[in-house]
Amino acid sequence: MQIAIVLVTLVVTFVLMAMEVTTPNAVILCALAFLMLIGILSPADALEGFANDGLATIALMYIIAYSIAKSNVITRFFDRVLGNGKSEKRSLLRLLTTVSLFSPFMNNTPIVSTLTPMVQKWCKKKNLSISKFLIPLSYVTILSGLITVIGTSTNLVAQGLLSKYHLQQFGFFDFAVIGIPITIVGILYLVTFGYRMLPNYKNNNVDSVIESPNEYLIEMSVSDDFPYINQTISAAGLRNLDHVFLAAINREGQPLVPVNEDMTLKRADKLYFTGSVNEVNDLLQIPGLLPSTGHIDMEDVTNEHAHIVELSIPDSSALINQTVKSANFRDVYGGVIMAIHRDSAKLSGQIGKINLKAGDDLVAITTNEPEQLDTMKDLHVFNEQLTKVNKKGYKDFLPVLLLVAAIAVSTMGIVDLFVALSVVCVILFFTKCINIKDVTRAVDMNVLLLVASSYGLGLAMSNVGADKFIAKSLTNITGSANPIIYMFLLYFITNFLTAILSNAASLSIMFPIIVSAAKYMNLPVMMLAMLITIAATADFSTPIGYQTNLIIYGPGHYKFTDYFKVGVPLNLICMVICVFVTYYVYVIF
């Protein structure tokens, strides 16, 4: 009976997460609360995932990777790597091969976040297709991240799970036996067959707004007949219109952005509303407002203080399933949204009433400075014009050198990896390469919470024997004669769960199953642990399969089907290589 309860709970959890009813963290915490309520999990069991050295190591890696990204050493280096752009494929190959050297040694999320605006700017300058570069960029960071134990957060979660089950942990380069071949084959695929299947989009969403502002803004002028001259916007009834939103005012050539309800309206003010241009008739019903018939100039709504920026919503954002209005976006984030793109298409309707989803791409006008934009943990900011370029100095290279030293001493067995990374973070603090504010920006608490809470679901399966039940059921399906088929099935299930859930959740759920499966099939548990760790990372078929896939979703103008077309063959390539190589290394060799 308890096994049935746990399995039903897991299925409901999967469905709710796939439907994006709320954030993954909230769904899993509700599942844990239910399992504690009925006595399957104790409070200690539910909280055990928080006392995980793998979790702490992920947090330290976030801090170190942020310090490297903050130094701009990556963007300076890759600006040279991309070259002159005369051959799009050659530039793509140079980008992917160079990224594959960095990604194994630092978290891939900051690499993609840092390089995306730089690649956007470079592609625009060279008149190349941005969509030919961003999906390959994300995919290669995932592939090459599988070369080392710190290359992806999934690998570190696996380390923590091995520790919890009192199993031998992976060595620093144990994953390389799989990571190197799938990285090489993956790069070859991405610059040949994958390249052909990628769409050909050149402009980004900011360019679209700048080039065709009349499709995004409605301009109205305050005439002498307007009854609310010298009265506030609120008094004029312009704050809560049904279909449009007052985004900016231009007064005597000076833009006023963002607009608050206490601003006073003056004669000859130009008012700029966001929303569908089809709603201009609603504005024409307001006495004293005259429509503009000319071409809107974006310089009338932006200046040196009001910038136009591109923003993307990550899967851990608190904005998910909120409307722009309920999130109080203008006041909380200091900006006005001009357009929202989803699945490469501009959403219609009143912007304030649109429910935001993970991967949505926003074009907004903001008065925030680069340092303020960096603090937006609920948003990824893409704007190369606002990138702050630091002067060259020891802070540029010290984080890189310290990370290399930490890797070296931990690989040689001198100190534990966690200890080495802790020392690096302390040195970065004392040398002022990072500060306390940087830590709050760098560490994604939503990811850590998801990793920690997901462990409780796996523990619930172990407590009632559901892991053994599933492992035995899979054996009945495949038979015990050919372990290769069993390994393919484990890989496929884990990979599928990653596509609809998250890498941490799918790994935590599958881990107790493979521990039991190793006993039933008489297979090395380390082999199966490596198999599902890679399967939980190497999902390329959806934008939600891995964090970096979602980061480049909007900036690349991608559709959901673009990931499917390019990603499914790469999923299959990784699965075949992983199954046969792990079996050869752990069983035959």
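Along the sequence shown, the residues carry numbers beginning at 1. Since the structure is predicted, the reported quantities are computational estimates derived from the model, not experimental observations.
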Check your understanding: Does the S103 side chain pair with the main chain of S100, one donor and one acceptor, at a distance under 3.5 Å?
Key -> no
Check your understanding: How many angstroms lie between atom CG of N155 and atom OG1 of T148, to the nearest 0.5 angstrom?
Key -> 7.0 Å
Review point. Is the number of heavy atoms from other residues, nucleotides or ligands under 6.0 Å of F492 CZ greater than 12?
Key: no
Check your understanding: Can you find a heavy atom in the side chain of L403 that is under 4.5 Å from one in the side chain of L421?
Key -> yes
Check your understanding: Should M106 and V400 be marked as a side-chain contact (heavy atoms from CB on, under 4.5 Å) after you check the CA-CA gap, both sets of side-chain angles, and the distance that decides it?
Key -> CA-CA 10 Å; M106 62 181 291; V400 177; over 6 Å; no
Review point. Between D467 and G458, is there a donor-acceptor pair closer than 3.5 Å when you use the side chain of the first and the backbone of the second?
Key: no
Study note, to complete from the structure: When every non-hydrogen atom of Q169 is compared with those of S163, the smallest separation belongs to NE2-CB, 3.4 Å
Check your understanding: Is there a donor-acceptor pair under 3.5 Å between the side chain of Y189 and the backbone N or O of V566?
Key -> yes
Practice item. Mind checking the OG-CG spacing from S312 to L362? Nearest 0.5 Å is all I need. Key: 7.5 Å
Point to revise | Distance-minimising heavy-atom pair for M530 and T582 | key: SD-CG2, 4.1 Å
Exercise for review: Ignoring hydrogens and angles, tell me if any N or O in the side chain of S67 forms a donor-acceptor pair with the backbone of I64 under 3.5 Å.
Suggested key: yes
Review point. More than 12 non-hydrogen atoms from neighbouring residues, nucleotides or ligands closer than 6.0 Å to OH on Y584, yes or no?
Key: no
Check your understanding: Cut-off 3.5 Å, side chains only: do S506 and T498 have a donor facing an acceptor?
Key -> yes
Exercise for review: Could you tell me whether the side chain of F429 reaches within less than 4.5 Å of the side chain of I436, counting heavy atoms only?
Suggested key: yes
Check your understanding: For F564, does the CZ atom have more than 12 heavy-atom neighbours from other residues, nucleotides or ligands under 6.0 Å away?
Key -> no
Check your understanding: Would you call Q547 and N503 a side-chain contact if the rule is heavy atoms closer than 4.5 Å?
Key -> yes
Exercise for review: Mind checking the CG-CE spacing from D562 to M197? Nearest 0.5 Å is all I need.
Suggested key: 10.5 Å
Exercise for review: Starting from the C-alpha separation in whole Å, work towards a yes-or-no answer on side-chain contact (heavy atoms from CB on, under 4.5 Å) for Y553 and N549.
Suggested key: CA-CA 6 Å; Y553 189 20; N549 289 348; over 6 Å; no
Exercise for review: Using atom types as modelled and distance alone, determine if a side-chain donor or acceptor of T494 lies under 3.5 Å from a backbone N or O of L490.
Suggested key: yes
Review point. Which class fits the ring pair H557 and Y201: parallel under 30°, tilted 30 to 60°, perpendicular over 60°?
Key: tilted
Check your understanding: So which heavy atom on I320 is nearest to which on P314, and how close?
Key -> CD1-O, 3.5 Å
Check your understanding: Below 4.5 Å, heavy atoms only, C-beta onward: do L134 and T116 meet side chain to side chain?
Key -> yes
Review point. Hey, what do you get for SG (C433) to CZ (F397), rounding to the nearest 0.5 Å?
Key: 12.0 Å
Exercise for review: For residues K132 and L92, determine if any side-chain heavy atom of one lies less than 4.5 Å from a side-chain heavy atom of the other.
Suggested key: no
**Study point:** Nearest-0.5 Å distance that lies between atom CG in L32 and atom OG in S453
**Key:** 6.0 Å
Practice item. Applying salt bridge (charged side-chain N to carboxylate O under 4.0 Å, His left out), name anything that partners D360, two or more places apart in sequence or on another chain. Key: R342
Revision key, fill the gap. For Y586 and P524 the tightest heavy-atom approach is O-CG, 3.9 Å
Check your understanding: Are side-chain heavy atoms of I187 and V140 found at a separation under 4.5 Å?
Key -> yes
Check your understanding: Given the rule in the side-chain contact (heavy atoms from CB on, under 4.5 Å) test, do L528 and M487 qualify, once you have shown the distances and angles that lead to the verdict?
Key -> CA-CA 8 Å; L528 298 184; M487 292 170 68; 4.2 Å; yes
Review point. Does NZ in K559 sit with more than 12 non-hydrogen atoms of other residues, nucleotides or ligands closer than 6.0 Å?
Key: no
Check your understanding: Looking only at heavy atoms, what is the nearest atom pair of I28 and A505, with distance?
Key -> CD1-CB, 4.3 Å
Check your understanding: Does the side chain of P136 reach to within under 4.5 Å of the side chain of V191, using non-hydrogen atoms?
Key -> no
**Study point:** From NZ (K126) to CG (L128), nearest 0.5 Å
**Key:** 8.5 Å
Check your understanding: With under 30° as parallel and over 60° as perpendicular, where do the rings of F511 and Y165 fit, or are they tilted in between?
Key -> tilted
Check your understanding: Minimum heavy-atom separation for T548 to S138, with atom names?
Key -> OG1-OG, 2.9 Å
Review point. Are the side chain of Y558 and the backbone N or O of I135 linked by a donor-acceptor pair below 3.5 Å?
Key: yes
Review point. Can you check whether N571 reaches F540 side chain to side chain, under 4.5 Å on heavy atoms?
Key: yes
Exercise for review: Not counting sequence neighbours, which residues clear side-chain hydrogen bond (donor to acceptor under 3.5 Å, both in side chains) with S131? List them please.
Suggested key: S129
**Study point:** Audit row: T152, I142, side-chain contact (heavy atoms from CB on, under 4.5 Å) steps and yes/no
**Key:** CA-CA 7 Å; T152 72; I142 298 170; 5.6 Å; no
Check your understanding: Does any N or O in the side chain of Q159 come within less than 3.5 Å of the main-chain N or O of F170, such that one atom is a donor and the other an acceptor?
Key -> yes
